[in-house]
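Reading through the structure tokens given below for one structure.
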Amino acid sequence: MSDYVKVVAFIFDLCGNEFTTQLILIALLYISVFKKRSLFYVRYPLCFAVIIGLQYLQRFGLLPMPVPLNYILIVAMLTATMLICYKTNIIQAMFASVCIYGGQHIISNISYVFIFSIMKLAGKMDLYVYYYVVMPLIMAAGMAVTYIFPVRAIMRKGELKFNNLIIYYFAVAFVLVASTLTHYGRNAIFWSLEGVIYLLVISTLFTCSTMLVGFMNLSKKELEEENAILQELLHKDEQRYEQAKLSGEKIQIKYHDMKQRMHHGIVDYESLKEVESDSEIIKSTYFTGNNALDVILSEKALMCERLGIRFICTADGAAIDFMKPHHIYSFVGNALENAVESLKDETDESLREITVSITRRENTCIIKTVNYVKHRVKILDGMPVTIKSDMENHGFGAKSMKSVVLKYGGHISFYEEDSNFIMIAMIPIPQKQ
């Protein structure tokens, strides 16, 4: 057993000490999280060599400093390492450093809690030597959990965006409390195994809570930006609706004026030439009883006509009257644009078909679209995932649709059935006062 302990202690010594060994191992899990700078595999080892060198100086008394200050200095150097080796900003580097330090802190605390609990139950202090067996096992399990949750969560997020003030507080508060609480608290009650165990458990819970706050801030910032984008898209859809409505009205006025003249025996050949180009538009015009719905259905029917896609529509305009015109335009427009997008490259003519229905069932407006899909659609958290490589700038159509439905207290579902992609929105129709 003593030989094994010597080997583990030797490994710790190679990396400076136990703390830096655990920190380096956790840091290796984050190696693919950010975009690397040039000469990354030269910069990265050199930065950690500096951190290890600092620990050697501190250990041999050449750089004396309190242990908590040493922890804080190492986390600061770890942040600098992130900035030097990765294409990140200071906020992202601080967040990653705190995640790495937090992971190390949790693993270290759990290891000590486990061995101290065994010592307490057995009543034998010499069992501490088994810490060198317990800690590597917990380290391995902790690294697996770290990769599955924080690391993969960050990788899925892509670019990390935060509320700067909260992240500064998150980083500073955590490092100060974790470094001082662990050191001074343990020294103050070193004589009580039970007290140390309670302290370590509290410190671990604090660390988990702090990291959770950081990730919640990350999610909140993403939601704020996503909401701003959705609002901007909705505003653009409102402008597009007004333009489309105006264009449609102008065409209708042209035809009305021409018919009036022909009724009086006046044939205006110049007017006939002007409206000739609009005849395709008139053929695709819908009259459902709802102006906004007429505009968007006519617009998309014309698009389908030009792309050779059959457009089958059953729509009761009165069923959707309670919605604001630009919401109708945005929702139906996004639904049909997604359907057209999936069919425009389809070579089998028999499959190039979109079916849309807008009906009323009791006090509910039901909007349904059906279209063929060649490839299976991935549904994540009830929402279709875009197949385009630039996920950050695509996939907002479905989110915008969901946003509109939620404004009216409705529910939207996306699913695939027999190679058909189906969208169904059920929106309660407000009762008239």
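- Residue Val332 comes nearest to Leu297 through the heavy atom pair CG1-CD2, 4.2 Å, listed as atom of the first residue, atom of the second, then distance.
- Proximity of Ser357 to Lys368: side-chain heavy atoms (C-beta onward) are separated by under 4.5 Å at one or more points.
- Considering only heavy atoms from C-beta on, Lys399 comes within 4.5 Å of Met383 through its side chain.
- Classified by interplanar angle (parallel below 30°, tilted 30° to 60°, perpendicular above 60°), the ring pair Phe215/Phe95 is perpendicular.
- Side chains of Cys365 and Phe322 form a contact here, defined as non-hydrogen atoms less than 4.5 Å apart.
- Side-chain contact between Ile412 and Met426 is absent, with no heavy-atom pair separated by less than 4.5 Å.
- Counting heavy atoms from C-beta on, the side chains of Leu343 and Ile354 come closer than 4.5 Å.
- No more than 12 heavy-atom neighbours from other residues, nucleotides or ligands sit within 6.0 angstrom of CZ on Phe149.
- Nearest heavy atom pair, residue Arg37 against residue Tyr86, reads NE-O, 2.8 Å.
- Contact record, Gly103 with Met211: N-SD, 4.3 Å, taken as the closest heavy-atom pair.
- Between the side chains of Asp316 and Thr359, no donor-acceptor pair of N or O atoms lies under 3.5 Å.
- The closest donor-acceptor contact from the side chain of Ser330 to the backbone of His326 lies at 3.5 Å or more, if one exists at all.
- Within the structure, salt bridge (Lys or Arg N to Asp or Glu O under 4.0 Å) pairs that include any residue of residues 11-33 comprise Asp13-Arg59 (at least two apart or interchain).
- Checking Asn70 against Gln55 by side-chain atom types alone, a donor-acceptor pair falls below 3.5 Å.
- Salt bridge absent: Glu349 and Arg310 never bring a charged side-chain N and a carboxylate O closer than 4.0 Å.
- Atom CZ of Phe116 is surrounded by more than 12 heavy atoms from other residues, nucleotides or ligands within 6.0 Å.
- Between the side chains of Glu353 and Asn371, not a single donor N or O lies within less than 3.5 Å of an accepting N or O.
- Of all heavy-atom pairs spanning Phe414 and Met423, the tightest one is CE2-CG, 3.5 Å.
- Closest of all the heavy-atom pairs between Val356 and Phe311 is CG1-CZ, 3.8 Å.
- Not counting sequence neighbours, the partners of Ile72 by the side-chain contact (heavy atoms from CB on, under 4.5 Å) test are Val175, Leu176, Ser179.
- The side-chain contact (heavy atoms from CB on, under 4.5 Å) test applied to Asp345 returns no partner, not counting sequence neighbours.
- The side chain to side chain contact (heavy atoms under 4.5 Å, CB included) with Ile367 is formed by just one residue from the set Ile328, Ile320, Ile424; it is Ile320.
- With hydrogens and angles left out, the side-chain atoms of Ser350 and Asp348 include a donor and acceptor closer than 3.5 Å.
- Using a 4.5 Å heavy-atom threshold, the side chains of Glu346 and Ile309 count as separate.
- Looking only at side-chain heavy atoms (C-beta outward), Ile107 and Ile26 come within less than 4.5 Å of each other.
- Tyr198 pairs by the side-chain contact (heavy atoms from CB on, under 4.5 Å) definition with Glu194, not counting sequence neighbours.
- Defined by atom type and a distance below 3.5 Å, a donor-acceptor pair is present between the side-chain atoms of Tyr329 and Glu299.
- Not counting sequence neighbours, the partners of Lys378 by the side-chain contact (heavy atoms from CB on, under 4.5 Å) test are Val385.
- Although no hydrogens or angles enter the test, the distance criterion places no donor-acceptor pair under 3.5 Å between the side chain of Asn420 and the main chain of Val370.
- Between Lys36 and Ile31 the shortest heavy-atom distance is NZ-O, 3.3 Å.
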Check: residues 40-54 side-chain donor-acceptor pairs under 3.5 Å, at least two apart:
unit_1	atom_1	unit_2	atom_2	d
Arg43	NE	Ser38	O	2.7
Arg43	NH1	Ile84	O	2.8
Tyr44	OH	Ala27	O	3.3

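- Residues Phe331 and Ser400 have side chains not in contact (no heavy-atom distance under 4.5 Å, counting atoms from C-beta outward).
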